[in-house]
Each structure stands twice: as structure tokens, then as C-alpha cells.
Number of protein chains: 2
Amino acid sequence: MISKACRYGIRAVVYLASRYGETAKSSFAEISREVDAPEAYTAKILQILTKSGIISSIKGPNGGFYMERLQIDQAVINIVDTIDGLDVFYECGLGLKQCSASRPCPMHDQYKMARETLLDSFSRTTIEQLARRVKEGSSFVRNLAIPGVG
Amino acid sequence: MISKACRYGIRAVVYLASRYGETAKSSFAEISREVDAPEAYTAKILQILTKSGIISSIKGPNGGFYMERLQIDQAVINIVDTIDGLDVFYECGLGLKQCSASRPCPMHDQYKMARETLLDSFSRTTIEQLARRVKEGSSFVRNLAIPGVG
DNA sequence: ATAATAAAGGATTAAAATATCTTTTATTAT
DNA sequence: ATAATAAAAGATATTTTAATCCTTTATTAT
Ligand code: FES
Ligand code: FES
């Protein structure tokens, strides 16, 4: 569905958003640790997200990644768009070159429905909403620690 | 979502099913042509589908691929299971190692819903139903021919 | 100014998915 | 029996995605 890079990206952004208000910025080392993602790879993803304005960053001592209020209020779909693009939400589920109602594949109606449900939920949900769930402890962006590992 | 191999596979099987009743069996050359999929790769996929009993085949002259009545009446999910496995329908949408209600990611409820809608439709829909749509001309397993190409 | 810090950028490697090519085996018609 | 046909099997190549490593640039504290 969505790429690994994009899943790491969403988790990272939600983590960052959940730290909104804290004075200290987060390094990619901290972020990758907190979302169980490979460090160097996460750095690349954060770089892309920064360039596209999803998150912000400052170099040097006391620098790091952080988010502004306006960034936190964005829809989650913006992250997906930046990393993977939105093609997946418009493509044919059976791989035809064009998904269209006028020349549909035999799964068209059903696939389109599921695809749109997902697009809809990514579009309507803000980063802030996800961050809130994480802050209140009802959901998580990192795996359960395995005793004796990590 | 589902792999390219799997999408080729579904189109190929639906095509084969749509030819149920015809005496002549279909070669992989014919099938790959009729579903716009790379020939050698399609051959591999058909091989896997044959081994798993989704479709049948006979070697040698007048041989080829074909389907039995019982095979046509299977659910489409069996094709997905054979080629990709069903993990995608149980995995976390944000890439956590475990998708669970007790330790959910912040998109869990919404993602699970879309995932299950799709699993459900793959499970309830039979190959026969898809083949029927193709036979009656209301849907298609091959791309619209581009004039002057192919 | 200098050293330390932290992200940005570029280059490279590794792994997985996609795709092709070649050889072998089974079947059939002659 | 022999040649032709078509899938099965195995090996190899290409492309894409994931991941790491090294160098550069910006910022800050001393
Ligand atoms: S044509 Fe296949 S999903 Fe629309
Ligand atoms: S935990 Fe992420 S989808 Fe269930």
C-alpha cells in the first residue's frame, strides 16, 4: 500500500507533533529511536519532509527538528503525498494502466470504494489528531520494547 | 497494496475463467497478450498458480492452461493468498511490527476498516463473478489498445 | 576566530521485486 | 521411434526500494 519510507515518515511526524510545546528540538537520532526506524534512513526522510515544509529544522547546536502550529494542523495525506505521491489512490487495483468507470477492471467498484475510504481518512485526519492520541497514551508510534533487546 | 505479480495473476486467472467452456486451452503467450502482462513473467506466475491448484495445465501439443468448474467458483482471495500471502490484510498501516487493538498505532481504527473492507470484498467475490463481468463486456482485464502500438 | 554540534547533501551498498533467458520434462501427432 | 509442442524448472539480469556511509554546510557556544 504505502511505502516503508512513508510509514516511517508518518510515525516520525506524529512523534514530532506529540512533542509540540517542548522547548528542546529533536535530533534524527532521537526520532528514529522513538519510532523504531533505521537512523540514517529516517534522516533522509526527515530531510525530504523538511524540504517540503511538512516539518521544520535548524542546524547546529540546540538545533534539530520541530513543528509549527500550522504544520501540526495539516492533514496526514500531505505526508503521504510528499513521500509516495497520491497515485496509489487513483490507480487500478488490478494494475490496468487507467482506472476509469468507462473501462473498469472487474474489481473496480469494490476496489475504488476501499481506496477512497482510505484516502478520505488520510485527508480528513490531521497530524494533531494522531499526536493527541499518542500523547494521551491511547495509541503508539513505536513497537513494544522486547525485554533484553534494544 | 498488492504486488504487480499478483495483479497480473488475477487478470490472468479472470481471463482464463472467462474462457471456460471453450475447448482450446490457453498458452501463456496468449494469456499474457490478452491481459497486457510481460510474457515470461506471466509464465512464472501461471506456474505458481498451477502448482497451488488455482488453475490447471497440461504440457505438450494441444496443451495449455485451463480451469475446472470448481476452480472458477473459488474466491479471488485465494489468488492473492497464493502469490502475495495474506499478511497485508493483517499488518499495521503505519508499519508497527504488530497490529493490535491493545497497542494500536494512531491510524489503527481507520486503517483496519479499509483493510477489512478490501479483504472482505476479495473473500466474498468469486473468480466466476469477475469472469462474468468480463464476458458480458461490462469490465476488462486488458488495457485499451493504443492505436499504432502492440 | 575556533571547536563542537546537528542537519543537508551526495555517493554507495544491500535487498527485494520485477523481468528475461535457457534448459528440461511431459505430451502428442506423425 | 521421432519430431514438434507447450509448460516446468532453473539461472540470470534489471529495476526499484530500502538502507548505510561519508562529506559539506549552517549554527552556536566558547
Ligand atoms: S479500473 Fe481497476 S480499480 Fe478502477
Ligand atoms: S496498529 Fe496500526 S493499523 Fe493496527
Side-chain angles (χ1 to χ4, degrees), chain A residues 1-13 16 19 23-33 35-67 80 82-85 87-88 91 94-95 97, chain B residues 1-13 16 19 23-33 35-67 80 82-85 87-88 91 94-95 97:
Chain A
M1 185 66 215
I2 68 178
S3 70
K4 253 174 152 180
C6 190
R7 299 194 296 248
Y8 294 148
I10 295 173
R11 300 218 304 274
V13 170
L16 251 196
R19 294 202 60 259
T23 42
K25 298 179 183 58
S26 304
S27 67
F28 60 73
E30 172 193 333
I31 297 172
S32 61
R33 175 167 34 83
V35 304
D36 290 315
E39 187 171 307
Y41 197 51
T42 304
K44 280 286 170 226
I45 296 161
L46 291 169
Q47 202 175 303
I48 293 167
L49 291 168
T50 301
K51 197 147 52 173
S52 78
I54 305 279
I55 62 178
S56 300
S57 73
I58 297 185
K59 286 182 181 180
N62 308 322
F65 298 93
Y66 65 98
M67 294 183 80
V80 180
T82 294
I83 300 178
D84 282 353
D87 284 359
V88 70
E91 282 169 351
L94 297 192
K97 284 189 192 110
Chain B
M1 185 66 215
I2 68 178
S3 70
K4 251 174 154 180
C6 190
R7 299 194 296 247
Y8 294 149
I10 296 173
R11 300 218 305 274
V13 171
L16 251 197
R19 293 203 60 259
T23 42
K25 298 179 183 58
S26 304
S27 67
F28 59 73
E30 172 193 333
I31 296 172
S32 61
R33 174 166 36 83
V35 304
D36 289 313
E39 186 171 308
Y41 197 51
T42 305
K44 280 287 170 224
I45 295 162
L46 291 169
Q47 203 174 302
I48 292 167
L49 291 168
T50 301
K51 198 147 50 172
S52 79
I54 305 279
I55 62 178
S56 300
S57 73
I58 296 184
K59 286 181 179 179
N62 308 322
F65 298 93
Y66 66 99
M67 294 182 79
V80 180
T82 295
I83 300 178
D84 282 352
D87 285 0
V88 70
E91 281 169 351
L94 299 191
K97 284 189 192 110

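Protein chains get the first letters and strands the later ones, always in sequence-line order, with residue 1 at the start of each.
- Atom pair B:Glu30:CD and D:dT5:P shows a separation of 17 Å (rounding to whole Å applied).
- Protein atom CD1 of A:Ile48 is 12 Å distant from nucleotide atom C1' of D:dT17, rounded to whole Å.
- Put simply, OG on A:Ser57 and NZ on A:Lys51 are 11.5 Å apart, with the number rounded to the nearest 0.5 Å.
- Pairing each heavy atom of B:Asp84 with each of B:Ser3, the nearest pair is OD1-OG, 2.6 Å.
- Contact detail for B:Ile54 and B:Met67: the closest heavy-atom pair is O-CE, 3.6 Å.
- Following rounding to the nearest Å, B:Lys4 (NZ) and D:dT16 (C1') show an atom-to-atom distance of 10 Å.
- Across every non-hydrogen atom of A:Ala29 and A:Ser32, the tightest pair is O-OG, 3.1 Å.
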Annotated structure of DNA chain D as dot-bracket, pair cut-off 3.5 Å, Watson-Crick or G-U only, | for inter-strand, is ||||||||||||||||||||||||||||||
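- Remark: C1' of D:dA7 and NZ of B:Lys25 are 13 Å apart, rounded to the nearest angstrom.
- Rounding to the nearest 0.5 angstrom, the gap separating the CG atom in B:Leu94 from the SG atom in A:Cys6 is 9.0 Å.
- Under the rule for a side chain to side chain contact (heavy atoms under 4.5 Å, CB included), the partners of A:Lys4 that lie at least two apart in sequence or sit in another chain are A:Arg7, A:Tyr8.
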Donor-acceptor list for residues 35-43 of chain A side chains, cut-off 3.5 Å, not counting sequence neighbours:
{"from": "A:Asp36", "atom 1": "OD2", "to": "A:Asn143", "atom 2": "N", "distance (Å)": "2.6"}
{"from": "A:Asp36", "atom 1": "OD2", "to": "A:Asn143", "atom 2": "ND2", "distance (Å)": "3.4"}
{"from": "A:Thr42", "atom 1": "OG1", "to": "A:Pro38", "atom 2": "O", "distance (Å)": "2.6"}

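- In the region residues 49-67 of chain B, proximity to DNA chain C at under 4.0 angstrom, judged on heavy atoms, holds for B:Lys59, B:Gly60, B:Pro61, B:Asn62.
- Only one option out of A:Ile83, A:Leu49, A:Val80 pairs with A:Ile10 in a side-chain contact (heavy atoms from CB on, under 4.5 Å); it is A:Val80.
- With sequence neighbours left out, A:Ser26 forms a side chain to side chain contact (heavy atoms under 4.5 Å, CB included) with A:Tyr15, A:Leu16, A:Arg19, A:Glu30, A:Ile31.
- As rounded to whole Å, 17 Å separates atom P of C:dA17 from atom CE of A:Met1.
- Near DNA chain C, defined here as any heavy-atom distance below 4.0 Å, the residues from residues 35-47 of chain B are B:Pro38, B:Ala40, B:Tyr41, B:Lys44, listed numerically.
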